[in-house]
Amino acid sequence: MADGYDPTSIELRWQQRWIDEGTYEIDNDDPRPPYYVLSMYPYPSGPAHIGHVRNYTFGDLLVRYRTMQGDGVLSPIGFDSFGLPAENAAIQSGMHPREHTDANIEALSSSLRRIGAVYDWRRQVKSHDPDYMKWSQWIFLKFYEAGLVFRDTAPVNWCRGCQTVLANEQVIDGLCDRSSDPVERRDMEQWFYKITDYAQELLDDIDDLDWPERVKIMQRNWIGRSEGAEFGLPIAEADGSARTDVEPLSVYTTRPDTSFGMTFAVMAPEHPRVDELTSPEHAAEVAAFRTDTSAKSEVDRLSTVGDFTKRGVFTGSHVVNPFTGVAIPLYLADYVLTTYGTGAIMAVPAQDQRDWDFATAYGLDIVRTVQPPDDFDGEAYTGDGPAINSATDSLDLNGMGVTEAKAAATDWLEQRDLGVRKVNFRIRDWLLSRQRYWGCPIPIVYCESCGEQPVPLDELPVELPHDIEFLPTGQSPLLFHEGFLTATCPSCGEPARRETDTMDTFVDSSWYFLRFADPFNHDAPFSAEAADHWLPVDQYIGGVEHAILHLLYARFFTKALADLGAAPATLREPFQRLFTQGMVRLGGGRMSKSKGNLVAPEAIIDEVGADALRLAILQVKPPAEDVDWEDFQIEGCSRFLNRVWRLAAPGTDLFSSARTGDLTDADVEIDRATHVLIDRITGDYDRWSYNTAVAAMMEFTNAVYKYVQSEQGPHRDTLDAAVDALLRVMAPAVPHISGELFELRGHGDIHAQPWPGFDPAKLVTSTETMVIQVNGKVRDKIDVAVDISDADAEALALASEAVQRHLDGGEPRKIIVRAPKLVSIVA
RNA sequence: GCGCCAGUGGCGGAAUUGGCAGACGCGCAGGGUUUAGGACCCUGUAUCCGAGAGGAUGUGUGGGUUCGAGUCCCACCUGGCGCACCA
């Protein structure tokens, strides 16, 4: 064939055309129903890798499909362009992070265009663009004003390798999630966002999200709500009586019902009252223990394996168990953390395994207060059961189950003013300070006389100086840049020093989806009207690795911005539907730059075209599942596209041999198959079943080939209708080839076409294959009319020779008829 | 340990409501076309018995419900992911 399928030239031409014609640009006053499709904000690390391509192919299919369905689709793209890798590259290679980043953005943009993904490029945002930074800082200051920002000295996670502070979310099993170095603890002045103010709402609103269940579970776990009681343990005199001149030691427990089994108490080594509550003769030991603990990683501290004898120390003091009035020893132990609850616990070894281990190691009493089942052979028992050993004159819990006893114990505390019901959350405030250059500067200055001062809104953005020297010292280069450091106090006008911390890059990705709604706004990050028009995102697409960090922060920002009046008050959630696509692996392992086993999509596109690659991505596996690169069937997909080309391109033999005139049964059958195709693909696209959609296209194409090659040959009208429908349903998946063929066939721009409808009446056949089972086994199949009566179906089944053979003269005991599909005979 | 998800041919997978298991593709085999190769077209391809007709077995394992189970229920095995001793 002279004019064979040449993907490269076709694809480049269409890609240019979509950009030149602004096909997927959309204005906020577009009259079509708004539909917002968004793929997660990519970090520009260079040309797209195969995982990116998979992600953006799914997004692009949806953009094109919804457009054909008649929606006004918002399909924006931007770049999460701040972050550590650019700065590390600068230290290593001397290339400025800005140049490094800009080059990577160009490379990634080019990749996205090469796979045929379409966006409204006008709306593009980049985190490091001063125009974007301005509004990141503006939001910081609004949060500051509203009390959602604070500064505090806090033990922070310090990564020695990266020489920076990490958020809790970036610490995985005590190791840095980027460099895998062990994370140490250090005290620093840090900026925080008060995400804990929204803990309850963030938890409650998860229920209504159309998200994968496991992501919702992960968020609930992370927020970690627990209900319990907080109460005081009075400090004991030498004789064991309670002191009234000193504040009791406050503890939090989720098991107030077990309080009678409290045989000792434990403070975190960092607890502020350690010095006060340590007796002089134990001071040296306590000090040594605290030093040891501070050097330990969080993994070691929370571990429950191994010897407990070195993991605690006696303070020399006692406290009083308010339930029993008995004085019990007060210890420090590394497994108690200052960051959760009150930083001190009541220890109940019989019902908590760590307490049990500790008690065993230190020879402390163990008293059961919940009766374990008879067959229980463990140590600490945490299950349900009747309370025992839990009674005094004023409170008797004995016999109650855990739930009832909890309530009774808490009521008792509240009635006596000893304690209160308390809800605790595991989630902690969001530490956003980073001691790094390549991030958005925190817009604060420090004045000797006026103290901490927010930068006035009209002075934003605080920009990063460009002339910076990168040294591997681990300290932010901003600390040594006089021009940046020097500022004027907005309050008194005297010289002041600028904050050198920059923001965590998760700040940038926490509101970019709002900026996309109104990217040209010069007066605000976005208008409430624009946000109201587009948000929430109708379909968000990304990796499950962002299940906690990014998605939780973005939810927090959206709620806070709505409460501050920047976003519509009704906008409580940013992403109504979330789809998490699986990862692309190689040989069962992870693909990574360091392993040097990255698959380069560009090389594949050069060889077989972007459409074949897209089709292979869609075909290989259900989108939600991880997939191995070795399983991709690029060749089969390329072969299929060639088959379609030969079928649909005008001027081929297939096309010119078509007959005209009356329609035959074969024509009716192909017409029916065409409607089935549209029906199937519509359903498959709607439910993200792209692999079966591709199978449907292939099956249909095979059927049309058979039809064309049949003796009587194809009818021109039937063939035209079949092929045009095929191209239309393929358009969202393989936009270049279907666009090219549709145009060559003289029908104009396929992407401006409405989604094809189908006639339900045409889906039904006149006959159906009826299956006949004897004792559950298929014994015969008979073609019957679809409207056959049950009685006729039964008679037909019994008349079957095969059925009679298997009945072997016996009488059927029971016959189940599901006409016209099935007759089941029990012999 | 707790929670979630998955397990189907040589391989990736399909089976939307309990009703023909293995669609579609890859791979493999045979044939056609071609000077040849490639490309293309056609046919076959779960396992076992059988020349064939046909039969038996079969969706991780073991039970159960049902006329009928890949699908529902119970117990278990294996793998992946999350949480993990947060009081």
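To find a chain, count down the sequence lines: A is the first, B the second, and so on, and within it residues start at 1. Computed from a predicted model, the values in this text were never measured in an experiment.
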Between A:Arg585 and A:Trp629, is NZ or CZ placed under 6.0 angstrom from the six-membered ring centre and within 45° of the ring axis?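 No, a cation-pi geometry is absent between A:Arg585 and A:Trp629.
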A:Tyr705 six-ring face occupied by A:Arg643 cation (under 6.0 Å, within 45°):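 Because its charged atom sits under 6.0 Å from the ring centre and within 45° of the axis, A:Arg643 does stack over A:Tyr705.
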[X] [atom1] to [N] [atom2], straight-line distance once rounded to whole Å:
X        : N     : atom1 : atom2 : answer
A:Arg614 : B:G25 : CZ    : P     : 21 Å
A:Tyr690 : B:A23 : OH    : C1'   : 20 Å
A:His806 : B:A53 : NE2   : C1'   : 12 Å
A:Phe632 : B:G27 : CZ    : P     : 16 Å
A:Asp429 : B:C86 : CG    : P     : 21 Å
A:Asn221 : B:A84 : CG    : C1'   : 10 Å
A:Ile345 : B:C86 : CD1   : P     : 10 Å
A:Lys621 : B:G80 : NZ    : C1'   : 11 Å

Aromatic ring pairing A:Phe358/A:Tyr362, orientation class (parallel under 30°, perpendicular over 60°, tilted between): parallel
Measure the acute angle between the ring planes of A:Trp430 and A:Tyr553, then classify it against the limits of 30° and 60° as parallel, tilted or perpendicular.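 The arrangement is parallel - the two ring planes meet at less than 30°.
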Which nucleotide, in any strand shown, forms a Watson-Crick or G-U wobble pair with [N], with both distances under 3.5 Å?
N     : result
B:C76 : B:G60
B:G50 : none
B:C40 : B:G32
B:G27 : B:U45
B:U66 : none
B:G1  : B:C83
B:A14 : none
B:G22 : none

Side chain of [X] only, please: which of [options] is the nearest?
X        : options             : answer
A:Ser824 : B:C24, B:G19, B:C20 : B:G19
A:Met698 : B:C86, B:G25, B:U16 : B:G25
A:Gln633 : B:A21, B:G12, B:G19 : B:G12
A:Val826 : B:A15, B:C67, B:C86 : B:C67
A:Asn702 : B:U16, B:A56, B:C24 : B:C24
A:Arg428 : B:G54, B:C86, B:U16 : B:C86
A:Arg779 : B:C83, B:A56, B:C86 : B:A56
A:Val336 : B:G82, B:C41, B:A87 : B:A87
A:Tyr705 : B:C86, B:U43, B:C41 : B:C41
A:Arg646 : B:G55, B:C41, B:C86 : B:C41

Measuring to OP1 and OP2 of [N], would you say a side-chain N or O of [X] lies under 4.0 angstrom away?
X        : N     : answer
A:Ser226 : B:A87 : yes
A:Arg225 : B:C86 : no
A:Arg680 : B:U16 : no
A:Arg354 : B:C86 : yes
A:Lys821 : B:G19 : no
A:Arg214 : B:G80 : no
A:Arg426 : B:A87 : no
A:Lys777 : B:U57 : yes

For [X], which contact category applies under a 4.0 Å heavy-atom criterion: base, sugar-phosphate, or nothing?
X        : value
A:Lys781 : base
A:Gly636 : sugar-phosphate
A:Lys422 : nothing
A:Asp626 : nothing
A:Glu635 : nothing
A:Val544 : nothing
A:Arg639 : sugar-phosphate
A:Thr254 : sugar-phosphate

Going by modelled atom types, is there a donor-acceptor pair between the base of B:C41 and the side chain of A:Arg643 at under 3.5 Å?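 No, no donor-acceptor pair under 3.5 Å.
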When only distance counts, do a donor and an acceptor, one from the side chain of A:Gln773 and one from the base of B:G19, lie under 3.5 Å apart?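 Yes, a donor-acceptor pair under 3.5 Å.
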Side-chain H-bond candidate by donor/acceptor type, [X] with [Y], under 3.5 Å:
X        : Y        : result
A:Tyr690 : A:Thr57  : no
A:Thr369 : A:Tyr381 : no
A:Ser800 : A:Asp780 : yes
A:Thr769 : A:Asp783 : yes

Inspect the surroundings of CD in A:Glu607 and state if more than 12 heavy atoms from other residues, nucleotides or ligands are less than 6.0 Å away. no
Give me the distance, rounded to whole Å, that separates B:A84 from B:A75 when you measure between the C1' atoms they each carry.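 Result for the C1' pair: 26 Å, nearest Å.
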Distance, C1' atom - from B:A46 to B:G58, rounded to whole angstrom: 8 Å
Between A:Ser689 and A:Ala696, which residue's closest nucleotide on RNA chain B lies nearer the 5′ terminus?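 Taking each residue's closest nucleotide, the earlier one in sequence belongs to A:Ser689.
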With side chains defined as the heavy atoms from C-beta onward, is the minimum distance between A:Val53 and A:Leu613 less than 4.5 Å?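 A:Val53 vs A:Leu613: side chains touch.
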